[in-house]
Protein chains: 4
Amino acid sequence: MSRTSGGLIERLNQGPVIGDGGFISELERRGYCEAGPWTPEAVIENPDAVRQLHKEFIRAGSDVCQAFTYYASEDKLSHRGNKAGVYGCKAINDAACKIVAEVAKPAGCLIAGGLSQTPTYLEGGENSKARVKEVVRAQLDVFKENEVDLMILEYYEHIEEAEWHIEAVKEYLPGVPVCCTLCIGEDTDVHGVPTGECGVRLARAGADVVGINCHFDPFRCIEGVKKMITAVKEAGFDKVHFMTQPIAFYTPDANVQGFIDLPEFPFALEPRWITRFDAARYARVAYEAGIRYIGGCCGFMAYHIRAVSEELTAERGDYLPVNCINWGKCLEKHTKPWVRARASRKYWEELNPATGRPYSSSHSKCDGWGVTVGDESLKDDTKS
Amino acid sequence: MSRTSGGLIERLNQGPVIGDGGFISELERRGYCEAGPWTPEAVIENPDAVRQLHKEFIRAGSDVCQAFTYYASEDKLSHRGNKAGVYGCKAINDAACKIVAEVAKPAGCLIAGGLSQTPTYLEGGENSKARVKEVVRAQLDVFKENEVDLMILEYYEHIEEAEWHIEAVKEYLPGVPVCCTLCIGEDTDVHGVPTGECGVRLARAGADVVGINCHFDPFRCIEGVKKMITAVKEAGFDKVHFMTQPIAFYTPDANVQGFIDLPEFPFALEPRWITRFDAARYARVAYEAGIRYIGGCCGFMAYHIRAVSEELTAERGDYLPVNCINWGKCLEKHTKPWVRARASRKYWEELNPATGRPYSSSHSKCDGWGVTVGDESLKDDTKS
Amino acid sequence: MSRTSGGLIERLNQGPVIGDGGFISELERRGYCEAGPWTPEAVIENPDAVRQLHKEFIRAGSDVCQAFTYYASEDKLSHRGNKAGVYGCKAINDAACKIVAEVAKPAGCLIAGGLSQTPTYLEGGENSKARVKEVVRAQLDVFKENEVDLMILEYYEHIEEAEWHIEAVKEYLPGVPVCCTLCIGEDTDVHGVPTGECGVRLARAGADVVGINCHFDPFRCIEGVKKMITAVKEAGFDKVHFMTQPIAFYTPDANVQGFIDLPEFPFALEPRWITRFDAARYARVAYEAGIRYIGGCCGFMAYHIRAVSEELTAERGDYLPVNCINWGKCLEKHTKPWVRARASRKYWEELNPATGRPYSSSHSKCDGWGVTVGDESLKDDTKS
Amino acid sequence: MSRTSGGLIERLNQGPVIGDGGFISELERRGYCEAGPWTPEAVIENPDAVRQLHKEFIRAGSDVCQAFTYYASEDKLSHRGNKAGVYGCKAINDAACKIVAEVAKPAGCLIAGGLSQTPTYLEGGENSKARVKEVVRAQLDVFKENEVDLMILEYYEHIEEAEWHIEAVKEYLPGVPVCCTLCIGEDTDVHGVPTGECGVRLARAGADVVGINCHFDPFRCIEGVKKMITAVKEAGFDKVHFMTQPIAFYTPDANVQGFIDLPEFPFALEPRWITRFDAARYARVAYEAGIRYIGGCCGFMAYHIRAVSEELTAERGDYLPVNCINWGKCLEKHTKPWVRARASRKYWEELNPATGRPYSSSHSKCDGWGVTVGDESLKDDTKS
């Protein structure tokens, strides 16, 4: 079997599957998404920009391409006056599926539809589950039509909401593999459910691949997934696979809600950005921990995913993406002799980069008001 | 006169002119350029990727678009076994001009052809000047054919080589405005010629706009250009304008050759990356110093240029690019109340971002072997 | 009852009791102790220097003065060729008791005899307990003769050894209050016994005051003692008091054996030194956690203890030591107006001091070979 | 000639002369001096404490002992309500001389009387010079009576005031060698007189030894003295010697008035404290720069001076003070094997200590109101 054939589960059984990087944050930097709402109306407004980003990740070695449907539930598209509501859930999800299909299919990549947390859940109230599932079904209709290869349910802070979403997918898209990742840390979700137990509940709800995405740096996410691995195996779910798609920013100082609580979120995270060598180390540590779906979230650019691919070349049947730096060997063609002297893996692995910021500390004090589902402040007060 | 009419000098006389960001480093991250050689064969191999990047900078407010012709001299394209030599200088420069024209012209942006330092100069030897000018003329032929609006000569460590290039442009492309920037620091070029004197020599050689690009962070580049401003004005060149296109990485610890000498160059500079607020402050400080051409080099992505544009909105006739964050006001639509509390300019201006790197120091010890023109180690030892 | 009357337990029942600071490290800096062996032969060689240091801590507000008997067991005095063996255990312990009595008694301070871990325990082997108790009894004979007010048993990494020492004191010095502190962290002793359980075992063995000293910074020590408080109270030991005497160096990055494992130990800890405001905050946080015996270990100088005393002035019947800085008010007499502007508690409480070290990181990678009792490398290979 | 015979100039001609450390700051930490006024009434109130500190520096290898007469001019002793005025200038200076003589003479150390800047100068006004010299003469009377071996005039921010003081010493104590150090940086004194020129003016006024003390870290002070050396030699003063007595705190970020301007002054400088290895490196770099009088100011404790002595052992006729750590060899007797592994010079020389402060930055923003002689804010507004 080649790297580019078979469904998700077959590929995972065979070796590592590389995800893609963070679309919403990268397209914000490029000028096509609005910070704050973080919704994907760019699929309608600037499809070329979205297509180009898919191409970069494919080129970098991604095996799965996620349709750019993040936060594309109807309630979120119009949340707090967000203008994306004018396009509507159906049009946005459909455009996202069409764009990704164009470039992913010829490359042999799998196409993933996506769900994520909804404002409806956070508002709580009566019949919450029914209302959440209704919101979700509107998205699933589109994914059904577009015949996605798998579903990625991601960015849940509440294990309960994730369970409801899994349930909805199982009902509406039977047979489609479900990956589900929470955006939680090593300890608990925001309600205090231990991370290992969260993993078990995801598996029990029917997820084929479980794990953690966003909110924390690669190494903290891996620590969390390791707890899931232990608990899920103990609970007897032998066929479940594990995944992680962390952010590309170091967060040693983040609390329960991760980088959201850091004062630098979302516009001053640059000093925390991981290097490509950090990304390679992430790939290795994740793989050794037993994680088989290895991707990225906010801040993961093509070169980070490329480093992940490069690190796992042997495990992927010697597949190597273009423009790899070959651990610095490429520098042999540099004009300066002292830069040529850096053309080795050893040099880059041992380097501990300076920050260039003598007025910055390494840790921040976290914000975080500890509010959660049902809290007044989470309701959309822009609605009349 | 509108922001999008008139030639370079007219526009500079009227107010700030915003440059674009760093193509070679961004396209390397995206997977289209090779680190080490740093040559622009992507214009032939992946024109869509280059076009897309031009579009992003235009969208971010750039007034000048530089054809992606960096390091595209014949001697560099084949330097040390670099494979770009197969395309050749003419084809690459021509493709670059065609791509930029497609998107820049409709947007009313000026198109710049480009020259930069050549290996031929560094090798020294007899008839060096004649050989350097020959190399340069091959590029200028293409720019003449493509009728560029201006020439940007950039990335010279040696004032002498810059003078020769200016001379060549003046001879071959009479009437075309010439911008020339050295990649030097506040003190001297690599031969010890004081920075102020370098500015005077550029002006005397015929440059219409003089300044500094690459190698140092925005604030160090501004300090250097300030010395040029003082010296050039004292020398009586009243009509000369000033420019800077710094890197987007903090370099308080860099020596004579800037970030090249830092051990993190080129693959571990992430912790030094400036934020969009640093970019805005850069725009303000540069403008107040009398610099009128304000752009970016390596590491400047679209969102950095967008921050420069946003900061200078008033000075540019209230022109505001799309997707500006409006100093964080956009966060009013965020789902978390404590993130909504960050929706103010004051918050972001006062924030001193942490690095998330407790094992990193703020300064590095520099490399730098102090070798310069004529040194054996600078010769292309891959040639037989 | 005044602050300077009553025995230890009476004083603890009434309010906070302030300990003294670290003798061995301070006398090493002053030139009277040898780094490496860390034994107190200075009591014989330079009694004036020891007496002066006692006077400084009394002046700073200490309620208990510890005879300078650290590591003064016979086996340690001659360990690995240590020259202190020539004086012998009896002479050193006796001289230490006489010196402290001279200055502590007139001041109304309590006098503590001391025990700490012994090489004999670490060597393990048959009849280990009997041999350890024999070593300890030689010291206890001297404390009995000198009629100390209390015993401080400190610096144990192994809960078992601490239990044996408590047992020995209970047998030989019945009626003398026993304080016992381990040098462990928040989690476990070096054998993996949880910190809370260690506290319970100390109480069960008969200690009147239990806690943690040395190895970790004030705030990490408090976290450890908090676990002891919870566990000891749950176990029903209602009359037990709690104490801590931490080091005066920040150790966020230390592992099981604390600052010993940090590469900076023992000669390059300066950047980690706490300020007097850190010491004041330590006093407050410790007091609020329910800790009543609050002192210091290595690195605590007179001014740190003075800050502890000053912070707890109200709780100690308005006793204030001389030369307090009154939270900076003293600066009102400074010659420079901008220094006079710092004459407020608010200024100093809010100040986050810079390190002046742009080449230093905030964390270190720990050493630590994980060896423990019975390991070959812990035996005295200098013995034939 | 032995290390302990001959006058100052003879000793300097022969090799390095080691000064002592900072009394006022150390005695404040020990509880005997008041921060703010920084005056030496401890010589009367607690002579034992002062004597002990002299003994420590002698033990650490100091060749010169400075009578503790810092800031002991009549106008400073009563400045802004300072209570030291009750003792008066004569009594304080005399007591200081008597204490130092007791311990320095038997040890063969030279005894230095001292002068420093006076509030009278800062207040400016008519007849300023006459009034300043009158203040100074009251102190000199005492030094004459006590037959000091040399005079150290130190801590001047204004070259002019230093010149007046030298002039006064030359008139009143003819034949006594005069050392004079300004507390300025590499660039200028607070009036903008270049540092090199300041050195020349000190030499021209009659100082036998010139240099810099206090305000900046060792390496910045050396840079300043190097400028003096160049200028003084160029001006033809061949017999002048050079000295420095820097603070023991790193100040890379300090401006014109040094650590006074840093927000951490005077109570939160701990993270900046140099290690003993920094002190040894300081000794070596100073010696190689041609500086022959090498001592310390605020923050220099006995162990720092001991490290200076140890580093210059060979240059001082193999004299080695007691309790040297022998570059870590002493650790061979440590109980833990991984600490014994640190028993080498290489280990400690290569170590770059971490700060343990993840919330601290390496640089601070300076205060500094730029006020100087004659400014209203410098006058003693506590006087009626």
Side-chain angles (χ1 to χ4, degrees), chain A residues 29-31 34-37 52 56 59-60 80-82 119 249-252 260 263-264 267-268 270-277 301-303 306 322-323 325 328 330-339 348 351-364 367-369 371 377, chain B residues 29-31 34-37 52 56 59-60 80-82 119 249-252 260 263-264 267-268 270-277 301-303 306 322-323 325 328 330-339 348 351-364 367-369 371 377:
Chain A
R29 286 189 289 273
R30 295 187 185 188
E34 197 185 354
Q52 168 65 22
E56 292 171 19
R59 192 172 170 86
R80 297 192 165 272
N82 182 12
F249 305 103
Y250 277 114
T251 61
I260 307 287
E264 294 85 6
F267 296 130
E270 282 80 353
R272 298 172 177 267
W273 230 321
I274 65 170
T275 68
R276 58 188 85 197
F277 308 105
M301 294 196 261
Y303 77 106
R306 196 162 74 229
V322 292
N323 275 84
I325 62 164
C330 58
L331 293 179
E332 288 174 349
K333 286 182 218 150
H334 200 278
T335 54
K336 314 275 188 202
W338 63 97
V339 177
W348 293 104
L351 182 75
N352 182 14
T355 69
R357 292 175 138 89
Y359 294 99
S360 289
S361 57
S362 60
H363 282 192
S364 277
D367 281 354
W369 300 349
V371 300
S377 68
Chain B
R29 285 189 291 272
R30 295 186 184 188
E34 198 185 354
Q52 169 63 23
E56 292 171 20
R59 192 170 170 87
R80 295 192 167 270
N82 181 11
F249 304 104
Y250 276 113
T251 61
I260 307 287
E264 294 86 7
F267 297 130
E270 283 80 353
R272 299 172 178 267
W273 229 321
I274 64 170
T275 67
R276 56 189 86 198
F277 308 105
M301 293 196 262
Y303 77 105
R306 195 162 75 230
V322 291
N323 276 84
I325 62 164
C330 58
L331 293 179
E332 287 174 351
K333 285 182 219 149
H334 201 277
T335 54
K336 316 273 187 202
W338 62 98
V339 177
W348 293 105
L351 182 76
N352 183 14
T355 68
R357 292 175 138 88
Y359 295 98
S360 289
S361 57
S362 60
H363 281 191
S364 278
D367 282 352
W369 300 349
V371 299
S377 67

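If you're wondering where the values come from, they're calculated on a predicted model, not measured in any experiment. Below, chain A is the first sequence line, B the second, and so on; all start at residue 1.
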Query raised in the report: Considering all heavy atoms of both residues, which atom of A:T275 and which atom of B:E270 are nearest to each other, and what is their separation?
Result: CG2-OE1, 3.3 Å

Report summary line: Residues at least two apart in sequence or cross-chain that pass side chain to side chain contact (heavy atoms under 4.5 Å, CB included) with A:A60, listed by chain then number, are A:A302, A:I305, A:R306

Query - Reported NE2-to-CG distance for the pair A:H334 and B:N82, which is rounded to 0.5 angstrom - result: 12.0 Å

**Report entry** Aromatic ring pairing A:F277/B:F267, orientation class (parallel under 30°, perpendicular over 60°, tilted between)
**Finding:** perpendicular

Report task. Give the member of B:P358, B:P252, B:G328, B:P263 that has the highest number of heavy-atom pairs under 4.5 Å with chain A. Result -> B:P263

Query raised in the report: So among B:S360, B:S361, B:S364, which one has a side chain to side chain donor-acceptor pair (under 3.5 Å) with A:N352?
Result: B:S360

Query raised in the report: Is the shortest heavy-atom distance from the side chain of A:T355 to the side chain of B:R272 under 4.5 Å?
Result: no

Requested in this report: Over all heavy atoms of both residues, which pair between A:A35 and B:C330 is shortest? Give the atoms and the distance, please.
Outcome: O-CB, 3.2 Å

Query raised in the report: With distance as the sole test, does A:R30 use its side chain to make a donor-acceptor pair with the main-chain N or O of B:M301 at under 3.5 Å?
Result: no

Report summary line: Nearest heavy-atom contact between B:P353 and A:A268 is CB-O, 3.4 Å

Query raised in the report: In chain order, what residues pass the salt bridge (charged side-chain N to carboxylate O under 4.0 Å, His left out) check against A:R59, with sequence neighbours excluded?
Result: none

Report task. Say whether, by atom type as modelled, one donor and one acceptor occur between the side chain of A:R276 and the main chain of B:R29 under 3.5 angstrom. Result -> no

Requested in this report: For the pair B:R357 (side chain) and A:P271 (backbone), establish whether a donor and an acceptor sit closer than 3.5 Å, ignoring hydrogens and angles.
Outcome: yes

Query raised in the report: Which region of A:I260, side chain (C-beta onward) or backbone (N, CA, C, O), has a non-hydrogen atom less than 4.5 Å from a non-hydrogen atom of chain B, or is it both or neither?
Result: both

Query raised in the report: So, A:E264 side chain and B:A354 main chain: donor-acceptor pair closer than 3.5 Å or not?
Result: yes

